[in-house]
Amino acid sequence: MMMKLQNMHVQIVKDQAAGGKAGFQIFQQALTAGAKVLGLATGSTPISIYQQLVASDLDFSQLTSVNLDEYVGLGPDHPQSYRYFMQQYLFNAKPFAHSYVPDGLNADAAAETKRYDDLIAANPIDLQLLGLGRNGHVGFNEPGTDEHSTTHKVALTQSTIDANARFFDNEDEVPRYAYSMGIGSILQAKEILIVAYGEAKAAAVAAMLQGPVTPDVPASFLQTHPNVHVILDEAAASQLK
Ligand code: F6R
């Protein structure tokens with residue numbers, strides 16, 4: 001099912017596998033239209049799209065990718081780093097000419113966030129893929145983040161630290177900070193695809209699409225962007241009016 005809410009093209013699909021196919025088509029159209037820079041995300045949501053990209057005959061060897069975020073303190077070889085995730089789910093099978101992820105090992109936050117903003121300015125993003133947090137976050141832009149924010153260092157909330165603890169040998173190893181593109185950086189992308197699955201995301205989806213534009217729901221700023229695609233499964237769409 002397709003519908004239009006605000007400026008956003010909303011597509012409701014059966015499940016995550018169907019969402020992978022629908023998302024793949026949006027990537028394919030962007031590439032056909034000449035996209036050169038793809039903005040990418042980690043987490044469980046994009047995996048079915050990456051599976052479709054990997055299985056396809058699309059060639060990324062002349063393209064650039066720019067990822068949203070990375071944990072401070074984790075390097076590319078750490079299995080919980082977002083760089084490692086991207087290698088595993090996409091880049092090993094489909095290498096890009098350049099793949100940028102914030103450098104979690106750069107302890108100089110001012111230098112790293114400036115480097116990343118310069119990099120985004122030099123490589124304007126044609127299509128940005130986003131997942132949606134249960135609290136309406138995009139990237140690591142938690143509720144309260146300014147709509148003009150650029151790349152910044154974020155202190156993770158205790159609930160995120162607790163949720164991540166299961167992936168580490170002990171709690172001390174769980175990152176306390178991340179580098180994330182800001183809302184302003186994300187809104188500069190020419191086209192945006194945000195994807196959400198499952199009941200747990202339903203309230204955030206309704207707030208993003210039908211609630212007021214507010215820093216309380218960072219994803220609601222997408223209502224101000226002229227070219228947003230939304231892919232949802234039925235559970236994630238269940239609180240839309
Ligand atoms: C990932 C990211 C996060 C996730 C969001 C949803 O790079 O920036 O904002 O997109 O937390 O996570 P999943 O997809 O695991 O539900």
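Because the structure is predicted, anything quoted here is derived from the model rather than measured. Start at 1 and go down the list; that is how both ligands and their atoms are numbered.
Looking only at distances, no side-chain donor or acceptor of Ser149 sits under 3.5 Å from a matching main-chain atom of Thr145.
As a member of the Ile/Leu/Val/Met/Phe/Trp/Tyr network built from side-chain separations under 4.5 Å, Tyr179 groups with Val72, Tyr177. The hydrophobic cluster containing Phe168 also includes Tyr71, Leu74, Tyr82, Phe140, Val154, Leu156, Ile161, Phe167, Val174, under a criterion of side-chain heavy atoms closer than 4.5 Å among ILVMFWY residues, counted directly or through chains of members.
The atoms of ligand 1 that sit less than 4.0 Å from any heavy atom of Gly139 are 3 (C), 8 (O), 9 (O). Each of the atoms 8 (O) of ligand 1 lies under 4.0 Å from some heavy atom of Leu68. Here is the list of ligand 1 atoms found below 4.0 Å of a heavy atom in Gly131: 10 (O). Here is the list of ligand 1 atoms found below 4.0 Å of a heavy atom in Asp69: 1 (C), 2 (C), 7 (O), 8 (O). Near Gly43, meaning under 4.0 Å from one of its heavy atoms, ligand 1 places the atoms 14 (O), 15 (O). Applying the 4.0 Å criterion to heavy atoms of Thr45 picks out, from ligand 1, the atoms 13 (P), 14 (O), 16 (O).
Not a single heavy atom of Arg134 sits less than 4.0 Å from an atom of ligand 1.
Contact annotation for Leu132 and ligand 1: only backbone heavy atoms (N, CA, C, O) come within less than 4.0 Å of the ligand. At a heavy-atom cutoff of 4.0 Å, ligand 1 is contacted by both the backbone and the side chain of Thr42.
Between Phe91 and Phe96, the distance separating the two ring centers is shorter than 6.0 angstrom.
Relative orientation of the Tyr89 and Phe85 rings is tilted, given thresholds of 30° and 60° on the angle between their planes.
Comment: Arg176 engages Glu171 in a salt bridge, judged by a side-chain N to carboxylate O separation of less than 4.0 angstrom.
Considering backbone and side-chain atoms together, Tyr82 places no N or O closer than 3.5 Å to any N or O of ligand 1.
Scanning the protein for heavy atoms near atom 15 (O) of ligand 1, the closest one is Ser44 N, 2.9 Å.
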